[in-house]
Amino acid sequence: MQYVSTRAAAAPASNAPQQFSDILLGGLAPDGGLYLPAEYPQVTGAELDAWRTLSYAELAYEILRKFATDIPAADLKALTAKTYTKAVYRNARDGEKAADITPLRVLEENLGKGGATTLLLQGLSNGPTLAFKDMAMQLLGNLFEYTLAKSKAELNIFGATSGDTGSAAEYAMRGKKGIRVFMLSPHKKMSAFQTAQMFSLQDKNIFNIAVEGNFDDCQDMVKAVSNDLPFKVAQKIGTVNSINWARVVAQVVYYFRGYLAATTENTQKVSFTVPSGNFGNICAGHIARMMGLPIDKLVAATNENDVLDEFFRTGVYRVRKSAETYHTSSPSMDISKASNFERFIFDLVGRDSERVRALFQKVETSGGFDLSGKPGSDGDEFKLVAKYGFESGKSTHKDRLDTIRDVADDFGIVIDTHTADGIKVAREHLQPGVPMIVLETALAAKFNETILDALGVDAERPAGFENIEDLPQKFVVMDADVAKMQAYIAANTGL
């Protein structure tokens, strides 16, 4: 399996490493682009049939071995078996089996003339930090440790979080030999639970940095440091944000799992609705679809920060300024610059890396681009979006409160705010005969302030999280200053 950068034109080998392990630790490509396979591996109907009886760990191995061709099969199988166990994913709710890892639950099924409309919820939040980010991050931690041990190397992870990535990364990397984590988060803009999950960790290899600004400021600093190649090499910088290819490909697995659990034969199609901020989660669905998984629609559900919804309705990608980025009750989606969106645009424009480079340079200089095909626009590729199955919708604070109440009243399930955005938008895109799967984002306990507002009672907490906000917290507050950030990293790596 060979990998290319979204921005490299006939890139030399140094710009497009040929192996999965080469790009595992690095994040951004040297040219500032994102890595993708030179060609998407294809899945046959016979493979889908054979995969229907596999455990989650076995399915993960079958999919990942199509991408990580340089890792010996026995080692990769051992890594997936170590990662996806019911001991790790143990927070199953009533009616769910921990062994299922990503249990599927029917929420609504209504018969109509054209066939049944079915709405399902895929549980992705049974891991150690109660969020879907665990599904990839736990594997990433094991992959990093495996790769570093083989080369006797060290890695300093530099990442940004709007809420869930940070805690998932830190829990996956804590205590890992040769790994330090420097995690940026927007100061005072996460829920109390999310903040406590990260800042209460006292491990010596974990460094939490609260940035005076929003998530986009944090993400911009991660990209700036990643693009400073001399510093990146000297300080052995890697990333766990979804700009890291391994993060995205690990998420591809649960799309296959959801499809196989919702169908009985390969002639059937399903659709997915995905709460979307940074476009990493739904990008994994796009990759699964490109591999041949029978996905009908991929519906991006946004909150009030509706940059992605605007694009999928109009063809205009317009990044918001900091003052225009809302702080909402689904804070993990308070993002106005979706870093993974570039991977989809690369496919949309026919994998023309020079064009991708020009479009995203315009994002930096002019705040966006226009592919609507209207006079004065930057192109007309928006007309091709339907070919890739993408649709979208938007949810507001009132919508998510109403949806949380509806789901609790009708199904006895308390959902988190981001999942509520997904369900609200999914209901607007139901089609007869095509099951719609909503990807759960987190357990409700992580956003108790809004749950209390919606239901008048606290969200139930899994064992071990009862008083997490009362634990001592360790973090530093810093300005959004790249030079100061680099100095802080250098002072704490010993390199």
When the aromatic ring centroids of [X] and [Y] are compared, is their separation below 6.0 Å?
{"X": "F279", "Y": "Y317", "result": "no"}
{"X": "Y3", "Y": "F67", "result": "no"}
{"X": "Y56", "Y": "Y84", "result": "yes"}

Legend entry - Evaluation steps, ring pair (Phe, Tyr, Trp, His ring centres under 6.0 Å), between F311 and F341: CA-CA 11 Å; F311 176 81; F341 192 55; 5.0 Å; yes
Is [X] salt-bridged to [Y], cutoff N-O under 4.0 Å?
{"X": "R400", "Y": "D421", "value": "yes"}
{"X": "E342", "Y": "K223", "value": "no"}
{"X": "E170", "Y": "K176", "value": "no"}
{"X": "E154", "Y": "R180", "value": "yes"}
{"X": "K337", "Y": "D220", "value": "yes"}

Inset, instruction - Output, in order, the C-alpha distance, side-chain angles, deciding distance and verdict of ring pair (Phe, Tyr, Trp, His ring centres under 6.0 Å) for Y259 and F272. - result: CA-CA 9 Å; Y259 172 81; F272 288 89; 8.2 Å; no
Just list the side-chain donor-acceptor pairs under 3.5 Å for residues 181-193, sequence neighbours left out, or say none.
residue : atom : partner : partner atom : Å
S191    : OG   : Q194    : N            : 3.1
S191    : OG   : Q194    : OE1          : 3.3
S191    : OG   : K446    : O            : 2.6

Using 0.5 Å steps for rounding, measure from the [atom1] atom of [X] to the [atom2] atom of [Y].
{"X": "T419", "Y": "D416", "atom1": "OG1", "atom2": "CG", "result": "3.5 Å"}
{"X": "Q235", "Y": "N492", "atom1": "CD", "atom2": "CG", "result": "10.0 Å"}
{"X": "L201", "Y": "F207", "atom1": "CG", "atom2": "CZ", "result": "12.5 Å"}

Legend entry - Test item: side-chain donor near acceptor, D309 and T302, under 3.5 Å: no
